[in-house]
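One structure is given here, and the rest of the page talks about it.
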Amino acid sequence: MLQASRRPGFLRKVKRDKYLLLLLLPCVLYYVIFKYVPIFGVSIAFMDYNLFKGITESDWVGFKYFNMFFHTPDFWPVLRNTFLLGFYKLLFGFPAPIILALLINEVRRSFMKRFVQTVSYLPHFISNVVVAGIAVMFLSPTGGVVNQLLGAMGLERINFLVEASWFRTIYVTTDVWQHIGWGTIIYLAALTAIDPQLYEAARMDGANRWKQTLNITLPGIAPAIVIILILDIGKILEIGFEKVYLLATPATYETADIISTYVYRVGLTQGNYSYATAIDLFTGIISFIFIIAANGFSRRVSGSSIW
């Protein structure tokens, strides 16, 4: 009887919000088609997959390809490069949008605020191919702006794109520049939810702008910061393939070869789909462990978490 009484209420809510649900439908279909349905293909990691036999007829080999990846000489260098790139991206890329949002929030002229927001958002919509092309032009050893400045200052020109020690700096810098503006959207939205009366009371107590930021602004956006941090920690090994592939050269593989490029070069180009799937599944498991650990740590320390 209780379930029967709840059903009409649920149907009324669906009928009431049908247009909102229709707007949500494309997003749901995207995740179902491209995220959940392909999960069935994870079984390839445990098979000696053959294109002609298919998934159902391919021979089951268990953890063969996982052991192959763990014992290859490339395992630790590739894992180290991936983790370090993700860590540096988190270290420099995570606080950058917060700082920019706080600076934009301090701008009093609405025109200047909108202008800065627009300019900082634009790089996010530039494709990685264009961003890599811009980086190559700026860092060119002959006509690049950076090397021209070095030459004007009497310093030796550097061929950045073939120096392995410079690859991580180039990648992280271009990534921060590309996404810093887009990341401020959430924090600026969180800033609008802070009660202005708190700032008025703080000014009456003699608090300057810095103390207001420390005691009101940052605590006000702390839940948003925690959630984004947890999600970013979960993606620490999910370094984008395109930009690394476009910026890396054989001379920089020492620091540039990451899991995604290794999978493409060794797994996909050689047709070893089971090996590639096993590596990607391993990466997904590690990312899942990271996000679970970060969420639990945040819930114990700060009381804020995703779940």
Side-chain angles (χ1 to χ4, degrees), residues 27 30-46 63 65-72 74-98 124 128 167-168 171-172 174-176 178-179 182-183 186 223-245 247-248 255-268 272-302 304-307:
C27 180
Y30 167 79
Y31 278 96
V32 170
I33 296 173
F34 296 104
K35 301 296 183 180
Y36 289 99
V37 173
I39 289 178
F40 178 69
V42 169
S43 59
I44 295 175
F46 305 95
F63 292 94
Y65 292 104
F66 291 93
N67 292 327
M68 183 186 299
F69 178 53
F70 295 153
H71 291 91
T72 183
D74 297 321
F75 173 71
W76 286 112
V78 167
L79 185 63
R80 182 190 66 241
N81 292 339
T82 307
F83 178 79
L84 286 178
L85 266 186
F87 175 74
Y88 290 142
K89 181 180 175 181
L90 178 68
L91 181 64
F92 297 102
F94 172 72
I98 301 174
H124 177 78
N128 287 322
F167 178 82
R168 290 169 185 153
Y171 178 87
V172 173
T174 55
D175 193 84
V176 171
Q178 186 178 7
H179 300 296
W182 185 256
I186 296 176
I225 293 175
V226 170
I227 292 174
I228 299 300
L229 178 60
I230 293 172
L231 294 176
D232 285 351
I233 291 175
K235 296 185 293 185
I236 199 168
L237 292 182
E238 297 179 8
I239 304 297
F241 165 79
E242 298 89 353
K243 193 185 299 181
V244 175
Y245 180 75
L247 291 175
T255 57
D257 197 18
I258 60 173
I259 290 177
S260 58
T261 55
Y262 178 78
V263 167
Y264 172 76
R265 190 177 66 256
V266 178
L268 297 181
N272 198 343
Y273 302 110
S274 296
Y275 188 52
T277 306
I279 298 174
D280 274 345
L281 180 58
F282 166 76
T283 306
I285 293 173
I286 297 300
S287 298
F288 179 74
I289 293 173
F290 277 177
I291 197 170
I292 292 294
N295 187 78
F297 179 78
S298 175
R299 185 171 59 249
R300 289 188 178 183
V301 173
S302 66
S304 299
S305 60
I306 298 178
W307 68 86

Would you mind reporting whether [Y] and [X] have side-chain heavy atoms less than 4.5 Å apart?
{"X": "Ile258", "Y": "Phe241", "value": "no"}
{"X": "Tyr30", "Y": "Lys35", "value": "yes"}
{"X": "Tyr262", "Y": "Arg265", "value": "yes"}
{"X": "Val244", "Y": "Tyr264", "value": "no"}

If you measure from [atom1] on [X] to [atom2] on [Y], what distance do you get to the nearest 0.5 Å?
{"X": "Tyr171", "Y": "Thr255", "atom1": "OH", "atom2": "OG1", "result": "13.0 Å"}
{"X": "Leu79", "Y": "Asp74", "atom1": "CG", "atom2": "CG", "result": "12.0 Å"}
{"X": "Leu237", "Y": "Leu85", "atom1": "CG", "atom2": "CG", "result": "10.5 Å"}
{"X": "Ile228", "Y": "Ile233", "atom1": "CD1", "atom2": "CD1", "result": "12.0 Å"}
{"X": "Leu84", "Y": "Leu91", "atom1": "CG", "atom2": "CG", "result": "11.5 Å"}
{"X": "Asp280", "Y": "Tyr273", "atom1": "CG", "atom2": "OH", "result": "13.5 Å"}

Mind listing the closest non-hydrogen atom pair of [X] and [Y] along with its distance?
{"X": "Asn272", "Y": "Val266", "result": "CB-O, 4.4 Å"}
{"X": "Thr261", "Y": "Ala256", "result": "OG1-O, 4.2 Å"}
{"X": "Val176", "Y": "Gly93", "result": "CG2-CA, 3.7 Å"}
{"X": "Val263", "Y": "Ala276", "result": "CG1-CB, 3.5 Å"}
{"X": "Tyr65", "Y": "Ala278", "result": "CB-CB, 3.9 Å"}
{"X": "Ile279", "Y": "Ile259", "result": "CG2-CG2, 3.5 Å"}

Side-chain donor/acceptor of [X] to backbone N/O of [Y], under 3.5 Å:
{"X": "Ser43", "Y": "Phe40", "result": "yes"}
{"X": "His179", "Y": "Asp175", "result": "no"}
{"X": "Asp232", "Y": "Leu90", "result": "no"}
{"X": "Thr82", "Y": "Val78", "result": "yes"}
{"X": "Thr277", "Y": "Val42", "result": "no"}
{"X": "Ser298", "Y": "Asn295", "result": "no"}

Atom OH of Tyr245 with >12 non-hydrogen neighbours under 6.0 angstrom: no
Neighbour count above 12 (heavy atom, 6.0 Å) for Ile291 CD1: yes
Partners meeting ring pair (Phe, Tyr, Trp, His ring centres under 6.0 Å) with Phe87 (sequence neighbours left out): none
Identified side chain to side chain contact (heavy atoms under 4.5 Å, CB included) partner of Phe70 from the options Phe63, Trp76, Phe75: Phe75
Aromatic ring pairing Phe282/Phe69, orientation class (parallel under 30°, perpendicular over 60°, tilted between): perpendicular
